[in-house]
Structures are given as C-alpha cells and as structure tokens.
Amino acid sequence: MNIIDQGQGELFLDPDPDKARAFFRTKNRKLVNKVMDLKEAVAKFVQDGDYLAIGGFGANRTPIAACHEIVRQKKKNLGFAGHTSTHDMEILSAGEVYNRIDVAYIIGLEARGLSTCSRRYMESGKVKVTEWTNYSLAARLRAAAMGVPFVPTRNVMGTDTIKYSAAKTVECPFTGKKVVLMPALYPDVSVIHVHEADIFGNARFKGIAVADVDLANASKKLIITTEKLITSDEIRRDPSSTRIPYFLVDAVCEVPFGAYPGNMPYEYFSDEAHLREWLSVEKDAEKFKAFLDKNIYGCNNHEEYIARNGGAEKMRELRAKELLLSKEVSS
Amino acid sequence: MNIIDQGQGELFLDPDPDKARAFFRTKNRKLVNKVMDLKEAVAKFVQDGDYLAIGGFGANRTPIAACHEIVRQKKKNLGFAGHTSTHDMEILSAGEVYNRIDVAYIIGLEARGLSTCSRRYMESGKVKVTEWTNYSLAARLRAAAMGVPFVPTRNVMGTDTIKYSAAKTVECPFTGKKVVLMPALYPDVSVIHVHEADIFGNARFKGIAVADVDLANASKKLIITTEKLITSDEIRRDPSSTRIPYFLVDAVCEVPFGAYPGNMPYEYFSDEAHLREWLSVEKDAEKFKAFLDKNIYGCNNHEEYIARNGGAEKMRELRAKELLLSKEVSS
Amino acid sequence: MTDYNAMEIMISVAARELENGATVGVGTGAPCAAAMLAQKTSAPDLVIMFEAGGISPNLPEMPISVGDSRTFYKAAMAGSMNDIMEACSRGFVDYTFLGGAQIDMYGNLNSTVIGNHANPKVRFPGSGGANDFASFCWRMMVMTPQDSRRFVEKLDFLTTPGWLQGGDSRANSGLPLDSGPYKIITNMAIMDFEPVSKRMRVISIHPGYSAKDVQDNCSFELLQAAAIAQTMPPTAEELRLLREEIDPYRYVIGR
Amino acid sequence: MTDYNAMEIMISVAARELENGATVGVGTGAPCAAAMLAQKTSAPDLVIMFEAGGISPNLPEMPISVGDSRTFYKAAMAGSMNDIMEACSRGFVDYTFLGGAQIDMYGNLNSTVIGNHANPKVRFPGSGGANDFASFCWRMMVMTPQDSRRFVEKLDFLTTPGWLQGGDSRANSGLPLDSGPYKIITNMAIMDFEPVSKRMRVISIHPGYSAKDVQDNCSFELLQAAAIAQTMPPTAEELRLLREEIDPYRYVIGR
C-alpha cells in the first residue's frame with residue numbers, strides 16, 4: 001500500500017494478528033472456576049513490563065480496586081492505554097507503574113480539574129508517549145477484536161495528533177479518498193469492572209459499554225472484577241444480557257464497590273469529596289505520601305480503603321445520590 | 001494502495017462514505033411518531049430499484065410480513081443482500097422483485113432443503129450475481145456502520161469466492177501480510193423485525209443479534225416491524241436494552257407474529273409444516289401459483305395470512321413449541 | 001440592563017446556535033449547559049450525545065463526567081463509544097462544542113502540549129474525543145475566553161483540526177467533506193470563518209466591548225464582517241434557567 | 001457386530017476427533033450431531049458455537065437452523081455473527097465441520113455452482129459461513145459420502161479454502177497461518193493430508209470396506225498412510241445416544 005503519510009510515534013505493541021492467534025489458541029476454553037482474590041489475580045496476570053488497559057471511563061465503572069492493587073504490588077515498566085483515563089491514571093501515576101503510554105485523554109479528571117501527580121509524572125521525562133484520540137484507541141481495540149492488523153478511520157488527518165501517532169494514511173482503492181489505518185492494539189492484560197459475573201467469567205454490566213466489549217475481545221489476559229458473583233444458571237437464563245463470554249476471561253474477582261470512589265451505574269455515584277481530596281493533596285509531596293500510605297500502601301484490600309473513607313454509611317449516601325433519591329423526597 | 005488481487009464481480013452500491021454522510025445529514029433527528037401501517041411503510045420507503053436488506057437470519061426473527069408486502073406491492077428491480085437469506089429469499093424470489101444479488105447464502109433453507117423457486121430464479125439468467133460470504137457481508141455492513149469505505153478481513157483469499165466478489169487484496173503496511181478489503185455496503189432500505197419498539201423507533205430484541213445492529217446503522221432507510229409497541233418511558237427506564245436508536249428509523253410497524261412462519265425467539269417457534277409445504281408446492285408451477293394467491297396476493301395483510309394457516313390456535317402451538325413446554329409436561 | 005457574567009453570555013449565545021431537532025456531541029461544563037439551555041428554550045427536541053455512549057438522555061442535572069450515570073439517565077440508549085463516534089463518522093451528528101489551551105486563525109486547537117512534544121513545558125490531556133468530534137461532526141463550535149495567549153499566531157501542537165491551513169486545505173486533507181469549524185464564541189464576541197480563506201472573522205460583538213477590545217485580545221489579525229452585529233445579551237429567562245434549573249450550584253457559571 | 005448405518009459411523013468417528021475443552025463452530029445436521037455426541041461421551045466441556053451468534057448453548061434438541069432459538073438455549077451468550085466470526089478470526093475456535101457438492105485432493109470445497117458462474121448448470125447456496133470458518137478455524141473437517149462425483153479432480157468453483165494448490169500455497173495465500181483442513185470423514189474411510197504435499201491421504205478404513213472401494217469412489221489419486229488403521233465402529237453407547245437422545249426422530253441419521 002502506498003503510504004501517503006505516517007506518524008513518527010512509537011508503536012508499543014505488535015499488531016500482527018497471527019501472533020495474537022498463536023497466543024489465543026493456547027487460552028483455556030473450558031468452563032473452569034476462575035474465582036480468586038484480586039491480590040492473587042494481579043500477582044498472577046499483571047507482569048512487570050506488560051501493556052495494561054483499564055476498562056470503564058476514567059472514574060465510571062472503572063476497576064479502581066485493581067488499580068490500587070497494581071500500585072500496592074509495585075508493578076513496574078508497564079505500558080498503559082491512556083484511553084479516557086482519569087482517576088485510574090492518577091492512581092497508576094502515583095505508583096509510577098508505567099513507563100510508556102498511548103495517549104487519548106490523560107492527566108485530567110474532566111470537569112474536576114487536572115491531576116498534579118499525573119502531570120508531574122508525564123512531565124518527568126520518564127514516560128514514552130504516542131498520541132492518539134479516544135476514537136483512535138477504540139478503533140485500534142476494534143481491529144484487534146476483529147483479528148485484523150488495522151481498521152480505517154477518517155479522523156486526525158492534517159494534524160500533529162497523527163504526526164505523533166503510529167497511524168498511517170493511505171489512499172482507499174475503492175474511492176481514491178485518504179483514510180487513516182489504525183493499527184490493532186492487543187493489550188497484554190486488561191481489567192474490567194462489571195455488575196455481575198459467574199465463576200467462569202461470563203459477565204454482564206448495565207449502562208454505557210464505553211469500549212469494554214472490544215477491549216475484552218482484544219486483551220490477551222483479562223481480569224474481571226465484579227460487584228457480585230451470580231449463578232451460571234442466571235447467566236444462561238438470559239444469554240442476551242451477557243456482554244463478555246467466559247472464554248475471554250482469566251480471573252473473576254468479587255469486589256463490592258470495586259469502582260469506588262468512581263461511579264457505578266445504578267449502584268453508587270462518585271465520591272466527589274474524596275476525588276477532590278486526591279486532587280488537592282497531590283500538590284503537597286509530604287501530604288500526598290501520607291495520603292497514599294493511608295489509602296493504598298497501608299490497606300490490605302479495597303474493603304479497608306472503603307472503611308477508611310466512610311464505610312457502609314458513605315456507600316449508602318452514594319447509592320442515594322446515584323438514585324437521585326433526594327429529588328423524590330423533595331418532590 | 002497496491003492491489004495484489006481483486007474480484008471481478010460487480011459492486012452494486014457506492015462505498016463512498018461522504019455520499020452516505022450527505023444522505024444521513026438530511027435524516028430527521030427529531031422524536032416524531034413513526035408508527036404506520038406496513039402497507040404504507042413499504043409503499044413509501046421501498047422504491048423500485050432500491051437495494052434491499054432483510055434483518056434476522058433467514059427464518060429467524062425475520063420480517064416475513066414485510067417480505068410478503070414487498071411482493072404484494074410487486075416491487076421491481078431491487079438489489080438484494082443475500083445474507084443468510086432462506087425463507088425471506090424464497091418469498092422475494094417468488095415475486096421476482098430483485099434483479100441483482102450479493103450472495104453469501106441463498107436458495108437453501110438450511111436443514112430443510114433447497115427452494116426450487118429460488119433456484120429456478122437464480123438459474124434464469126435474470127439475476128446479476130456477486131459472490132461473498134456471511135462474514136464478508138457482515139464486515140461490509142460494519143464498514144458502512146463505521147462510516148469508512150472498507151474494513152479488512154482475512155477470509156476468502158486464494159478462492160474463487162474472492163474472484164467473483166468485488167473485494168480487493170492488499171498488503172498490510174504494518175505487517176506486510178495480505179488482507180482483503182471489504183467495501184462498505186449502505187443498503188438503500190432495510191427491514192428489521194424486533195420484539196419491542198416505541199413510536200419513535202427505539203427498538204429492542206432478545207436473543208442473537210445476527211448482523212442487525214450494523215445493518216440498522218448502515219441502512220439509508222430503515223423499517224422496523226415489531227411484535228408490539230411499548231412506551232417510550234419503558235425504553236428510557238432501561239436504555240441499556242435499546243439495540244437500535246430511534247434516529248436510524250423511518251417507520252415503525254406493529255406486526256404481531258411478523259416473523260411467522262419463521263422463529264421468533266422466546267415468542268414462537270417456526271412452523272415447519274408450513275415451510276415444508278412451501279418447499280414442496282414450489283415444484284408444481286400451477287399449485288405454486290394458487291399457493292401464492294392464497295397466502296400472499298389474496299391476503300390484505302399478515303393477519304389474514306396467519307388466519308389462513310391456523311390462526312390463534314397455531315400460534316399457541318408454536319409458542320408451546322418455542323418454550324419446550326412438552327418437556328415440562330413429560331418431566 | 002440585566003446583570004450577567006462572561007460565562008452566562010457565552011452559554012446563552014451558544015445555546016441560540018443550536019436549532020431544534022439537531023444532534024450535538026457535548027462534553028461537561030459550558031457546552032453541556034448550552035445544550036441544556038437550548039432544550040429549555042428554542043430547541044426542545046435537541047438531541048444530546050456523549051462520547052462515552054449516552055444518547056438522548058433526560059439530564060436530571062449537569063454531569064461531572066461525559067461517562068457518568070447522568071449522561072444516560074432516562075436515555076433513548078446507553079450505547080458504546082463506538083456507537084457515538086461511528087454515528088458522528090456516518091454524518092448523524094450536526095454540532096459539537098470544543099475548547100483548548102490555544103486556538104489559531106483557522107480554528108485549529110491545541111490541547112496536547114506547550115513547548116515541544118519530546119519534553120513539553122506543559123502537558124495537557126491530549127485530544128480525548130476532541131479530534132474525533134471535530135473531524136466528524138458537521139459544525140464544530142468553540143467557547144473560550146478572548147485572550148491573546150489563547151488566540152495565537154501558531155499553535156505549539158495542532159491537536160484538533162479546524163480549517164487546517166485555510167483555503168482548500170481541509171477539503172484536501174481526507175477529513176469528511178463539508179465538515180469544519182462554524183462559530184467561535186468568547187466573552188467579547190462571536191466569530192465565524194470567511195468562506196474562501198477560512199480565516200476567523202468577527203460577526204458580532206457583545207455589549208460593553210469594542211472591535212478594538214476583541215483584536216487587542218487576539219494575537220492574529222481578525223477579519224471583520226461587512227456588518228458587525230451587537231450580540232443580544234442573555235434574557236432574563238435564559239439567566240433564570242441557567243441559575244435556577246441548569247446550574248443551581250454555579251459549578252459552571254461561577255459566582 | 002452392532003448394526004449401524006453410514007451416517008451413524010460418520011457421526012461417531014467425527015465426534016471422537018473433538019477433544020474435551022475444544023471450541024467448535026458447527027452447522028445443522030451431522031456436524032451438530034457429532035458435536036452433541038462428543039459432549040455426551042469424551043468431550044463434556046466441548047464448546048459449541050453457531051455462526052449466527054449462539055455461544056455454548058445447552059442444546060435441548062437438534063437445531064433446524066444455525067440461527068434458531070435452540071442455538072442459544074441456556075447459552076453462555078446470545079451474541080452476534082460478528083462475535084462468532086471475530087472469535088474465529090482471533091484464533092479462539094479450534095474446529096469446524098463443513099460439507100459441499102465437490103471436494104478436491106487438497107480439501108478445497110465447492111458449494112457455489114456446477115458449470116460456469118455466469119450461467120451455471122446448477123446453482124448452490126454459496127459460501128454461507130463455510131469460507132469464513134475454513135479460513136479462520138484452526139482445523140477444518142469434512143463429513144461427506146465417498147463418491148467419485150463429489151471427490152473430483154477439479155472443482156467447478158473453489159468456494160471454500162482447503163490447502164488450495166497444496167504445498168505452501170495456503171501458507172502464502174494470506175489466510176491465517178497454521179489453519180487448514182484436518183480430517184475428511186466419509187462412509188468408507190478417514191483421510192488426513194500428507195504434511196508436505198498437503199494431498200489427501202487415507203489413514204483409516206471403516207469395517208466392510210477396502211482400500212480399493214475408497215479409491216474407486218474418488219476421482220483423484222488418494223495417498224495411503226504407511227499404516228492404515230481399521231476404524232472402530234460406533235459403540236453400542238454411541239448408537240444409543242444418537243438414536244435415543246440426540247436424534248430420536250432420525251432427521252439426520254435416517255431410518
């Protein structure tokens with residue numbers, strides 16, 4: 001193919017579908033019990049140097065408990081898909097667990113402001129950066145999910161965003177138009193948080209999917225954290241609701257409130273006060289160290305973290321906020 | 001792009017995404033009542049010469065009532081996506097409504113045998129044929145849904161199937177591997193049968209999706225036939241269940257048992273006796289003419305067709321069969 | 001004269017640009033407030049889409065994130081990012097509102113870095129969905145304060161496409177045809193783009209500001225429309241809706 | 001010796017090829033019967049997938065269509081055609097069973113036309129999902145009657161890829177690496193493919209048939225394995241399962 005234009009950014013992963021096939025061929029297709037502790041799942045499936053992707057959307061249905069555990073286990077030299085990453089990136093930056101990143105959206109927490117910690121780490125020179133966009137990374141996951149080396153898109157042309165990416169512009173042989181080829185992205189390991197899963201890994205979630213279905217299909221290793229385990233009979237009673245089939249999944253970890261302090265649709269809203277505390281405490285190195293010791297390094301698990309930040313009463317508040325119960329009271 | 005190989009088959013539709021965009025720009029995005037009689041919807045949105053695609057899978061969640069209406073209105077010179085087409089094609093062939101076809105699966109009714117009527121029409125020389133595969137046509141719809149002129153796949157290489165298609169083989173600029181580019185397919189009009197829809201066109205279905213979500217996104221005009229209308233409040237109570245958003249939809253037609261004699265998941269099983277009758281009566285031109293007069297031309301609508309083939313009692317039987325109630329009785 | 005602040009007039013002006021029955025891809029903050037105001041005034045059938053998957057929600061309050069539960073509250077559909085981005089790519093989305101650290105005379109935006117990319121002086125979030133929306137949606141609008149450090153001669157990094165280098169450059173770029181920047185709304189004025197050169201052009205100035213004020217707060221030369229209008233200030237009703245219904249806690253409109 | 005018919009031995013032999021915990025993409029009829037038999041004997045954890053979207057159903061009876069309700073009855077997931085085909089494309093599906101009107105010495109199949117394509121003597125259904133499964137699944141198997149008109153020197157139309165022209169031709173074709181035809185199961189014998197030439201080779205002959213019978217019912221020269229086994233006939237248990245549980249109405253195994 002004649003390449004009209006191509007980015008000079010580094011491609012961190014091999015888009016070769018035959019190499020991915022050789023790996024996927026070895027994955028176990030049996031219905032086996034994959035339930036394990038999150039500590040064990042992260043120790044077993046997140047290896048130093050792996051390329052990591054995190055499901056959800058920044059602080060929405062995001063496996064925050066897993067991000068804490070990855071930092072707690074002091075993983076190093078990870079690659080990271082900075083795809084709609086917000087609080088997840090803030091946590092991973094605090095642990096400096098990654099040294100290369102595909103950027104779509106980073107550093108910011110949307111309307112909440114920017115993370116000093118993420119920004120400091122991104123400006124430290126310790127991180128290799130390739131630039132993409134939200135759709136570009138979603139398209140790269142789609143290509144991997146399809147088992148092809150790329151998919152075409154029509155964004156980024158004419159910008160520095162493509163110049164610092166690893167995409168290539170070619171001429172469409174059907175229309176003569178320019179299209180951008182987005183190379184397949186097969187993360188080594190991903191973590192996705194869901195509402196319900198069975199012990200084999202069949203998983204359901206409610207609300208927006210973001211890019212999680214393609215992410216699940218594209219990932220070589222996949223850890224599912226779930227608000228609760230359900231029976232396989234319940235999964236099979238309504239197979240139309242299954243979003244992630246079991247054979248993609250390596251570990252199933254039951255982590256109630258696993259997206260806290262983020263938002264879990266229909267279950268609990270985000271803890272904005274705690275997220276503001278993160279953003280402010282980051283500005284003071286001393287305070288931030290103490291904050292991390294309290295909330296991550298000093299906790300054995302997510303349950304302890306929640307206990308230190310309001311516990312059951314706080315969860316009740318956040319559930320009421322998610323369900324907008326106040327509007328019912330006032331009306 | 002250097003073209004290594006390309007099919008000699010005719011490409012019946014323009015894969016240019018800018019032309020599709022110009023059309024989609026003009027589609028009404030307002031929440032307006034789109035409920036109308038199927039007769040009116042077919043008269044209004046299926047024009048002679050249009051390229052037609054039919055949702056579902058042959059005789060499963062397929063808009064059979066719409067196929068009858070298209071034949072009843074004697075539409076002519078349609079293009080047709082022969083994608084997993086079985087009983088739908090049998091009906092459309094009986095009316096000789098199409099004169100060009102993209103073939104993935106045609107003529108057969110799977111385990112039931114082959115349709116003499118479809119085969120006779122396909123062997124008549126009246127139909128232009130381009131060859132594809134089930135996934136190739138699904139991929140072409142996916143490309144259209146993505147708003148790009150093609151997507152790559154790794155099937156068909158080295159076969160006559162690609163030789164008689166309109167696909168092109170190129171070298172992947174990332175891996176040097178050969179990939180096939182499947183041109184986008186934007187049907188002029190499609191019909192999809194669902195379980196539930198609101199008056200604006202927000203639609204839900206249960207069970208397998210086949211290629212209907214991409215088909216809905218790819219189609220320039222879209223007719224939804226639904227087992228029943230539901231309130232928009234019910235749609236909005238559970239937006240995660242919406243498979244087709246209203247702005248894709250031009251007409252909503254409430255057609256109970258609209259997939260009969262095919263299978264509608266969780267509602268009614270296929271009427272195998274009646275499908276066998278179709279296959280046998282086709283072999284005798286006289287008998288077939290009378291059969292079509294009785295079941296299509298002589299009916300005003302699907303309700304009359306059902307009344308002539310067992311009516312409510314038959315529908316009860318097929319529901320019991322779908323739900324496997326006999327196994328509960330016997331156990 | 002009704003009393004209002006800079007954010008309130010920007011949001012009111014932006015809302016008026018959205019006609020009834022249009023589709024708009026929005027982010028959090030001012031763009032979302034503008035879309036909500038439009039729904040409560042001239043465009044009750046305006047269809048709001050959020051890049052994370054929310055389609056046509058009945059927003060109960062302003063979202064904090066484009067992916068939080070509010071973005072698909074009583075929505076027509078809770079879809080995926082690809083559902084939204086592909087709808088944009090197919091030409092189903094009419095408008096989007098974007099912002100950035102820098103904007104140039106062709107409406108190109110920088111939200112990536114200040115300084116050079118290898119070791120930037122300042123690192124920003126990057127494109128997010130901005131480049132995608134600006135590439136795909138028919139008409140891209142920007143709400144931003146009028147400030148010489150924002151309105152620059154040359155961007156440090158071209159994150160998101162406007163009219164690129166002007167003239168036919170966008171038409172020849174490969175980006176979808178006939179899409180591009182439409183209006184730039186600041187605290188001082190409304191700008192569009194001169195059809196041939198695609199350079200930014202002042203078409204309306206807000207009460208209390210002069211053409212000189214606008215140019216003095218822009219580092220490149222602004223074209224002037226033949227007739228420059230005076231912007232209609234926010235109406236009492238627009239202000240009431242913003243202050244009482246849309247942003248009662250003044251997260252966006254401030255105090 | 002237990003009494004059985006041609007279809008029963010083909011299905012029994014096919015079932016034995018499917019190891020426990022493998023994934024298999026199947027159609028209706030004999031392939032589905034073989035997969036169901038495997039689940040009831042040596043491969044309880046065999047995962048069945050149907051091209052229309054059904055993943056790992058608990059089949060209550062044999063489906064009439066690869067898209068009917070039975071194909072996702074109590075399934076792990078009722079997905080889409082792309083969910084299945086993309087799983088195959090990614091290398092998640094180990095086996096598939098196919099058939100056709102013609103097969104050649106390299107396991108290529110014709111299910112499109114007899115005669116020339118422009119005006120065929122006979123028109124068949126076309127590829128359906130066969131080309132896709134044969135392109136993507138690791139090991140493609142065929143169940144077909146041994147018949148000189150089916151086992152032909154040259155196909156009228158190469159619908160579905162086997163080893164193409166043999167040797168390295170498939171490896172160089174662009175199709176996924178290391179995928180291809182594995183076993184051909186007929187009413188008389190089991191064939192595999194000689195590793196270098198990729199030509200069809202007899203490895204086992206069913207009771208009651210000779211090497212000559214097999215060759216006499218094939219239009220091309222069959223290679224012979226160094227040691228040719230005698231196929232184990234269907235066991236009483238295999239026959240009981242087929243006749244009583246899997247196909248009680250004998251739709252597939254006949255009377």
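All values below come from the heavy atoms of this structure, side chains included, with hydrogens, waters and symmetry mates left out. Letters A, B, ... are given to chains in the order of the sequence lines, protein chains preceding strands, and every chain is numbered from 1. Model, not experiment: these values are computed from the prediction.
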Using heavy-atom distances under 4.5 Å, tell me whether [X] contacts chain B through its side chain, its backbone, both, or neither.
X: A:Y266; value: side chain
X: A:P265; value: neither
X: A:A184; value: neither

Heavy-atom distances under 4.5 Å only: say whether [X] touches chain A with side chain, backbone, both or neither.
X: B:R204; result: neither
X: B:T175; result: side chain
X: B:T153; result: backbone

task: Not counting sequence neighbours, which residues clear side-chain contact (heavy atoms from CB on, under 4.5 Å) with A:K163? List them please.
output: A:Q8, A:D160
message: Counting heavy-atom pairs under 4.5 Å with chain B, which one of A:P183, A:G176, A:G207, A:P15 comes out on top?
response: A:P183
- line: chain B shares the most heavy-atom pairs under 4.5 Å, among A:K206, A:Q6, A:R154, with A:R154
- request: Could you tell me which residues satisfy side chain to side chain donor-acceptor pair (under 3.5 Å) with A:H83, sequence neighbours excluded, listed by chain and number?
  value: none
message: Report, in residue-number order, which members of residues 135-146 of chain B are under 4.5 Å from chain A by heavy-atom distance.
response: B:Y135, B:R142, B:M146
- request: First locate atom CZ of A:R243, then atom OG of B:S240, and finally report the distance between them rounded to the nearest 0.5 Å.
  value: 6.0 Å
Among B:G147, B:P239, B:P17, residue most engaged with chain A (heavy-atom pairs, under 4.5 Å): B:P17
Shortest non-hydrogen contact between A:P173 and B:F150, atoms and distance: CD-CE2, 4.2 Å
- prompt: Under a 4.5 Å cut-off applied to non-hydrogen side-chain atoms, are B:P152 and A:P152 in contact?
  reply: yes
task: Name all pairs fulfilling the side-chain hydrogen bond (donor to acceptor under 3.5 Å, both in side chains) condition that reach into residues 177-187 of chain B, sequence neighbours left out, sorted by first residue then second.
output: A:D18-B:K177
